[in-house]
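Just so you know, these numbers come straight off a predicted model, no measurement behind them.
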Amino acid sequence: MKVAVVGATGLVGSEMLAVLAERNFPVTELIPVASERSKGKEIEFKGNKYKVVTPSEAIALKPDVALFSAGGSTSTEYAPLFAEAGITVIDNSSAWRMDPTKKLVVPEVNGDVLTADDKIIANPNCSTIQMVVVLKPLHEKYKIKRVVVSTYQSVTGTGVKAVDQLMNERQGVEGEKAYPYQIDLNVIPHIDVFQENGYTKEEMKMILETNKIMGDDSIKVTATTVRIPVIGGHSESVNIEFENEFELADVRAALEAQDGVIVVDNPANLEYPMPKDAHGKDEVFVGRIRRDETQPKTLNLWVVADNLRKGAATNAVQVAELLNAKGLI
């Protein structure tokens, strides 16, 4: 299968290449794609070297599938051109997520919505992906009324410049800044741009995307998203109110049975999910499972995942795997 990776030189694009190799996706020819200034640069994939091409050149090479991770403006401009050429696009930007004509897919949650007609498929926001994988089995069993989520998000979610800022600050070196404030020894309760309602765009993504992926607009979601000086993964404190009563043992069993979830929940041995343990992994880790004792039918969870893997690259590759398994590409 001919596979294009658009944004192959970026953080997520590099991770997509690693995930394609690790999961042995049937790549017969790789087409690394980036902007004009990266044209001709060599990318190594499974021991072979491939030259970076521009998006227009990639379309002419007719890949079967294109994994996009090059930002919203690139996706808005080029995804329709790839789709018109019969190439299936899996896009990691926010450009198509809330487009009512496009599917927003996490394979373990709503992979069954995909059809051969879906030529542009949206990959959800990283913090949404890890949360809905955990919400799905609980919603099926107890019906979710309301979710209150606070995130603790890795600097890798912003990109290389943010990682450099953290490391420079840690070493006392002056350098380019990705954030308006120091991030080392600090937390910044601000991810993406502020909206008129006082929420950030990242918070609204979690709210709106959760409803779309779960296929249920009755689930009320409120979010506070926070950047912390961590590399390796995003963490989330999730409070879930259900319509129906639950037993904690049944909750654990439902989560353990959910594809893509690993339960790490043994307070007696100080075992709980942490971003350093999720780093480089494809699963979503959940722990600190306990009742909210202030109101009935309400649960508290702690959810952690590598935002560059399951939160971006792995989910995109899993969508491609699902399309391939269904014979849709």
task: Indicate, with yes or no, if Val264 and Leu248 share a hydrophobic cluster defined by side-chain heavy-atom contacts under 4.5 Å among Ile, Leu, Val, Met, Phe, Trp and Tyr.
output: no
field: Sole residue of Glu202, Glu236, His234 in side chain to side chain donor-acceptor pair (under 3.5 Å) with Ser127
entry: Glu202
- prompt: Under a 4.5 Å side-chain heavy-atom rule over Ile, Leu, Val, Met, Phe, Trp and Tyr, are Tyr78 and Val53 clustered together?
  reply: yes
Heavy-atom side-chain contact between Val155 and Gln165 under 4.5 Å: no
query: Is Lys276 atom NZ crowded by more than 12 heavy atoms from other residues, nucleotides or ligands, each under 6.0 Å away?
result: no
query: Side chains of Lys143 and Asp216: does their closest heavy-atom pair fall under 4.5 Å?
result: yes
message: Are the side chains of Val226 and Ser150 in contact, using a 4.5 Å heavy-atom criterion?
response: no
message: Can you tell me if Glu42 has over 12 outside heavy atoms packed within less than 6.0 Å of its CD?
response: yes
- prompt: Got a second to check how far Leu323's CG is from Gln318's CD, nearest 0.5 Å?
  reply: 12.0 Å
message: Run Val284 and Ile129 through side-chain contact (heavy atoms from CB on, under 4.5 Å) and show every step you take.
response: CA-CA 9 Å; Val284 175; Ile129 289 174; 5.7 Å; no
task: State whether the number of non-hydrogen atoms from other residues, nucleotides or ligands found under 6.0 Å of Gln295 atom CD is greater than 12.
output: yes
Check: Phe45 and Val27 side chains under 4.5 Å, non-hydrogen atoms: yes
message: For the backbone of Gly72 and the side chain of Thr74, can you confirm whether one donor and one acceptor N or O come within less than 3.5 Å of each other?
response: no
message: Within the supplied structure, the quantity of interest is the number of heavy atoms (other residues, nucleotides, ligands) at a distance under 6.0 Å from Lys326 NZ; does it exceed 12?
response: yes
Option passing side-chain contact (heavy atoms from CB on, under 4.5 Å) with Ile207 (candidates Met204, Glu209, Lys205): Met204
task: Give a yes or no on whether the backbone of Asn92 and the side-chain of Arg97 come within a donor-acceptor separation of less than 3.5 Å.
output: yes
query: Would you find more than 12 non-hydrogen atoms of other residues, nucleotides or ligands less than 6.0 Å from Lys46 atom NZ?
result: yes
Path from Val251 to Ile144 over hydrophobic side-chain contacts below 4.5 Å: yes
- prompt: If we only count heavy atoms from C-beta on, is the Phe82 to Val6 side-chain gap below 4.5 Å?
  reply: yes
message: Is there a side-chain contact between Val132 and His139 in this structure, where contact means two heavy atoms from C-beta onward sitting under 4.5 Å apart?
response: no
query: Does Arg309 offer a backbone N or O that forms a donor-acceptor pair with the side chain of Asp282 under 3.5 Å?
result: no
- line: Rounded to the nearest 0.5 angstrom, the OH-CD1 distance for Tyr142 and Ile240 is 11.0 Å
message: Just checking Glu293: does its CD atom have more than 12 heavy atoms from other residues, nucleotides or ligands closer to it than 6.0 angstrom?
response: no
task: Show the numbers, then the answer: is there a side-chain contact (heavy atoms from CB on, under 4.5 Å) between Asn48 and Leu30?
output: CA-CA 9 Å; Asn48 297 313; Leu30 179 75; over 6 Å; no
message: If the threshold is 4.0 Å, N to carboxylate O, is there a salt bridge linking Asp250 and Lys141?
response: no
message: Quick one, Met167 and Ile231 - any side-chain contact, counting heavy atoms below 4.5 Å?
response: yes
task: Report yes or no: does Glu169 contribute a side-chain atom to a donor-acceptor pair with the main-chain N or O of Ile183 at less than 3.5 Å?
output: yes
field: Phe246 with Val263, same ILVMFWY side-chain cluster at under 4.5 Å
entry: yes
message: Pair Glu241, Lys220 - check side-chain contact (heavy atoms from CB on, under 4.5 Å), show working.
response: CA-CA 10 Å; Glu241 182 185 355; Lys220 292 182 170 63; over 6 Å; no
query: Is a side-chain N or O of Asn269 found less than 3.5 angstrom from the main chain of Glu271, in a donor-acceptor match?
result: no
Straight-line distance of Cys126 SG to Met206 CE, nearest 0.5 Å: 8.5 Å
field: Donor-acceptor pair, side chain of Lys297 and main chain of Asn244, under 3.5 angstrom
entry: no
- prompt: Under 4.5 Å between side-chain heavy atoms, hopping through other hydrophobics if needed: is there a path connecting Ile289 to Tyr272?
  reply: no
task: Keeping the roles fixed (side chain from Asn186, backbone from Gln182), state whether a donor-acceptor pair exists under 3.5 Å.
output: yes
task: Starting from the C-alpha separation in whole Å, work towards a yes-or-no answer on side-chain contact (heavy atoms from CB on, under 4.5 Å) for Gln130 and Lys310.
output: CA-CA 7 Å; Gln130 67 187 70; Lys310 182 54 183 169; 5.6 Å; no
- prompt: Sub-3.5 Å donor-acceptor pair from the side chain of Glu203 to the main-chain atoms of Thr200, do we have one?
  reply: yes
- prompt: With no hydrogens and no angle check, is any side-chain donor or acceptor of Asp306 less than 3.5 Å from a backbone partner on His279?
  reply: no
- prompt: Any donor-acceptor pair under 3.5 Å linking the side chain of Asn211 with the backbone of Ile219?
  reply: yes
query: Any idea which heavy atoms bring Pro63 and Ala58 closest together, and the distance?
result: CD-O, 3.2 Å
query: Is it true that Glu108 and Lys136 have a side-chain N and a carboxylate O under 4.0 angstrom from each other?
result: no
query: Is any side-chain heavy atom of Leu67 less than 4.5 Å from a side-chain heavy atom of Leu20?
result: yes
